Number of protein chains: 2
Amino acid sequence: MTNTTLKKISEVLGLSISTISRALKNHPDISEKTKKKVVELAKALDYEPNASAIQLRTQHSKIFGLMVPTISNFFYDSFIASVEEESRKEGYSLIILQSSNNIDIENDNLKLCRQNRVTGLFACLSTGTKDMSSFLKMKELEIKTIFFDIVPEITGLNKVCMADTSVGEIAAEAIIEAKKKDILAIFGNANLSITKKRELSFRQFFKLKSTATKLSIEYALDIENATEIALEYLTKNKTVDTIFCMSDEILIGVMKAIQKLKLNIPSEISVLAISNGFIPTLFYPPITYVETSGYKLGKLAFKQMMECLSNNGTQELAFETTVESKLVKGGSL
Amino acid sequence: MTNTTLKKISEVLGLSISTISRALKNHPDISEKTKKKVVELAKALDYEPNASAIQLRTQHSKIFGLMVPTISNFFYDSFIASVEEESRKEGYSLIILQSSNNIDIENDNLKLCRQNRVTGLFACLSTGTKDMSSFLKMKELEIKTIFFDIVPEITGLNKVCMADTSVGEIAAEAIIEAKKKDILAIFGNANLSITKKRELSFRQFFKLKSTATKLSIEYALDIENATEIALEYLTKNKTVDTIFCMSDEILIGVMKAIQKLKLNIPSEISVLAISNGFIPTLFYPPITYVETSGYKLGKLAFKQMMECLSNNGTQELAFETTVESKLVKGGSL
DNA sequence: ATAAAAGGTGCAAACGATTGCGAAATGCTT
DNA sequence: AAGCATTTCGCAATCGTTTGCACCTTTTAT
């Protein structure tokens, strides 16, 4: 029962609740003298406003939701960390949710967000999400949603992504510049738009700039699968001089194969990855990678969220923005 | 304005708000016929209770807070993922907070938890936390707090930890069994109780079981520092046959040194780590490690939280529980 | 037939804060 | 000293839900 409320303060001071409320908000109606008294007592009594009451009254929650397929992921955890930082600065709390790539859980999570009347939602779609109706329901409730990384294909929504097209091109350009001739490129889930974009731009850049390069494309389901693919190419087909990895998972799988075969990087095999930047530095020489920063994407997503919120009422804008990427040279290419 | 409330339902049905409320909660006072009508309309109107209103009325939030020094960490992210899973099952939401090892932020975060009237808090102390008063304030407000991983030294609090003593012993035992004779053991921040426990038990086990072993102890501040230390020992002092790493960070640093020197594992140098299990598998051969599972710790912490909550009122119990650990053999020892 | 006991429902207060509006108190003008 | 503006504050409704209590029907017992 140590909870201090406006009422308690008002009783002690013999003032009305509304006066206390206004004094604490520095309302011009209240005299400096009163304000001072109130603020001092509030501090002494450790007054902390009840968020539920405020939310109920103002219909405004100071809470954001953030849903990812999984928290344990180099990209997402830095994204989360980034958004959390900004949220705190703005006085918002963050409710974190994992969908585990399960559509039922995803919907449950959305419901939780609605029940908590979150002000906004940062959402990364789970792999299998086709039906966007739950998300559209958020829109009806005026819960601003920013989609990131894995985003719906329909238009008219707020989305932030890595500039996947340029990511593919940067990677291809780096390989061509290094004069590599026989490339094994391993991509992830072929159904995701992110994979499609990266692969298409990667391929097209080669077609455009270097006809002399041999390009083998494979898709890996997980780390083990990437290892298998790499092992097969590296043992059977000894001509491959470079392996391109679309993600950290694939890089990890490929590196297992390379270490197992005790191949020297880059003299015997070159490696290039698309990565958040952590995994590539675990190896020696560090792997050269095209940076896709969850941290930067988080900052962008947050910025966009704040714009959505400030742009309140007027017209319903929807942006699609991207984070540009760059090549970070290690010693593997 | 698509928000359905009890009031709206009551108006449509010509019943009172209280009847709707009770019908939806399956209260025995309400007739089956009425219940059916209400439930159906609620579904049709997509009724979703307003969490703020419920919290305000019941003084009970269905929200947990979870604070870690940083989200981007193999151990913490799996801990978070684990707690999130359980929370969802129980209908709780999770507010995630990072302290960034900054005491001011830590206090801000605690304040956020208080304002949101979280039901419980999972807290991992930041490195510099000496003053526990903010945490004790939580206790006054009857916010159940479970400390994990890095916990306060004072007693009478709920704590869950890895069984750090046995972790040290398991590691020492594995090294002795492998008949290693010249060990470099690198630990982390020497001020943390977790470091002290692990080091002490590690040391004592050697003193007890193997007097013939040479043991060099060092402390690394970060990844780079670990690399430096390892490089120095491995180049100057060629007799070291095993490196023990207290954490993933240190393992990463050490592996950089080993890869740089192109030393063969385990023929030229053996490695043993304490780890969550992810990093060790990135290398070939996989590193042998003593498992400290953030996932398991999360499950334990959650269980303890639920016990705290159910044990409501009666007596104020405080438990200190631990997760046992085990050796996971790779090929590095 | 009548009183008592269920059964079904509604009233109204409460949770803690915000806010439009009105009222009292003060100061100023002439 | 009377009138008016300004400053300072309180009243009361409201947000959506829960819940103790009272009320009105039925049914059941006598």
Side-chain angles (χ1 to χ4, degrees), chain A residues 1-39 41-42 45-63 91 111 114-119 141-142, chain B residues 1-39 41-42 45-63 91 111 114-119 141-142:
Chain A
M1 286 303 96
T2 75
N3 251 327
T4 305
T5 66
L6 292 185
K7 192 177 173 190
K8 205 166 284 178
I9 298 180
S10 78
E11 283 165 359
V12 174
L13 253 36
L15 291 167
S16 77
I17 294 180
S18 30
T19 301
I20 309 297
S21 172
R22 291 190 174 100
L24 254 19
K25 303 184 91 66
N26 202 22
H27 189 104
D29 270 7
I30 308 298
S31 71
E32 289 304 325
K33 218 177 359 169
T34 306
K35 277 182 194 167
K36 190 153 168 280
K37 272 200 303 187
V38 172
V39 168
L41 184 63
L45 257 45
D46 243 341
Y47 171 72
E48 284 178 344
N50 183 317
S52 309
I54 295 177
Q55 289 169 209
L56 180 58
R57 171 63 222 229
T58 64
Q59 308 284 45
H60 212 73
S61 77
K62 281 284 181 183
I63 297 180
K111 184 186 286 186
R114 276 180 254 125
Q115 294 183 355
N116 282 300
R117 301 293 192 270
V118 299
T119 297
L141 292 173
E142 295 180 41
Chain B
M1 286 300 97
T2 75
N3 251 329
T4 306
T5 66
L6 292 186
K7 192 176 174 190
K8 205 167 283 180
I9 298 180
S10 79
E11 283 166 357
V12 174
L13 252 36
L15 290 168
S16 75
I17 295 180
S18 32
T19 301
I20 308 297
S21 173
R22 290 190 174 99
L24 254 18
K25 304 184 91 67
N26 203 23
H27 190 105
D29 271 7
I30 309 297
S31 71
E32 289 304 325
K33 217 176 1 167
T34 305
K35 278 181 193 168
K36 188 153 169 281
K37 272 200 303 186
V38 172
V39 168
L41 184 62
L45 258 45
D46 244 341
Y47 170 72
E48 284 178 345
N50 183 317
S52 307
I54 295 177
Q55 288 169 212
L56 179 59
R57 171 63 222 225
T58 63
Q59 309 283 47
H60 212 72
S61 76
K62 282 285 181 179
I63 297 181
K111 183 185 286 187
R114 276 181 254 124
Q115 293 183 355
N116 282 300
R117 300 296 191 269
V118 299
T119 297
L141 292 174
E142 296 180 41

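Quick note: numbers below take in every heavy atom, side chains included, and nothing from hydrogens, waters or symmetry partners. Throughout, a chain's letter reflects where its sequence line sits, starting with A, and its residues are numbered from 1. Bear in mind the structure is a predicted one, so any value in this text is a computation, not a measurement.
- Looking only at distances, a side-chain donor or acceptor of A/Arg117 sits under 3.5 Å from a matching main-chain atom of A/Arg114.
- With hydrogens and angles ignored, a donor-acceptor pair under 3.5 angstrom links the side chain of B/Arg22 to the base of D/dG20.
- Nearest-nucleotide positions on DNA chain C place B/Ile30 closer to the 5' end than the other of B/Ala53 and B/Ile30.
- Among the heavy atoms of the strands lying under 4.0 Å from B/Asn50 are primed sugar atoms or P, OP1, OP2 only; no base atom is included.
- Of the candidate nucleotides C/dG16, C/dT18, D/dT17, C/dT18 has the atom lying nearest to any side-chain atom of A/Ile17.
- In summary, A/Glu11 and A/Lys8 do not engage in a salt bridge, as defined by a charged side-chain N under 4.0 Å from a carboxylate O.
- Heavy atoms of B/Gln55 sit nowhere under 4.0 angstrom from any nucleic acid atom.
- Nearest nucleotide to the side chain of B/Gln59, out of C/dT19, D/dT17, C/dG16: C/dG16.
- A straight line from NZ of A/Lys25 to P of C/dG16 spans 17 Å, rounded to a whole angstrom.
- Listed for the B/Thr4 side chain is a donor-acceptor partner under 3.5 Å among the backbone atoms of B/Leu45.
- Rounded to whole Å, the distance from CG on B/Leu6 to P on C/dA14 is 20 Å.
- At a threshold of 4.0 angstrom between heavy atoms, the contacts of B/Ser18 include nucleobase atoms, whether or not backbone atoms are also involved.
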Worksheet entry | Steps toward side-chain hydrogen bond (donor to acceptor under 3.5 Å, both in side chains) verdict (B/Ser16, B/Ser10) | CA-CA 5 Å; B/Ser16 75; B/Ser10 79; over 6 Å; no
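- Among the nucleotides D/dG10, C/dT9, C/dT18, the one closest to any side-chain atom of B/Ser31 is C/dT9.
- Among the heavy atoms of the strands lying under 4.0 Å from A/Thr34 are primed sugar atoms or P, OP1, OP2 only; no base atom is included.
- Following rounding to the nearest Å, A/Asp29 (CG) and C/dA24 (P) show an atom-to-atom distance of 17 Å.
- In the set D/dG16, C/dA17, D/dC11, the nucleotide with an atom closest to the side chain of B/Thr5 is D/dG16.
- A donor-acceptor pair under 3.5 Å links the side-chain atoms of A/Lys35 to the main chain of A/His27, judged by distance alone.
- Within 3.5 Å, no donor on the side chain of A/Arg57 pairs with an acceptor on the base of D/dG16, nor the reverse.
- Across all strands, A/Leu15 comes closer than 4.0 Å only to sugar-phosphate atoms, never to a base (heavy-atom distances).
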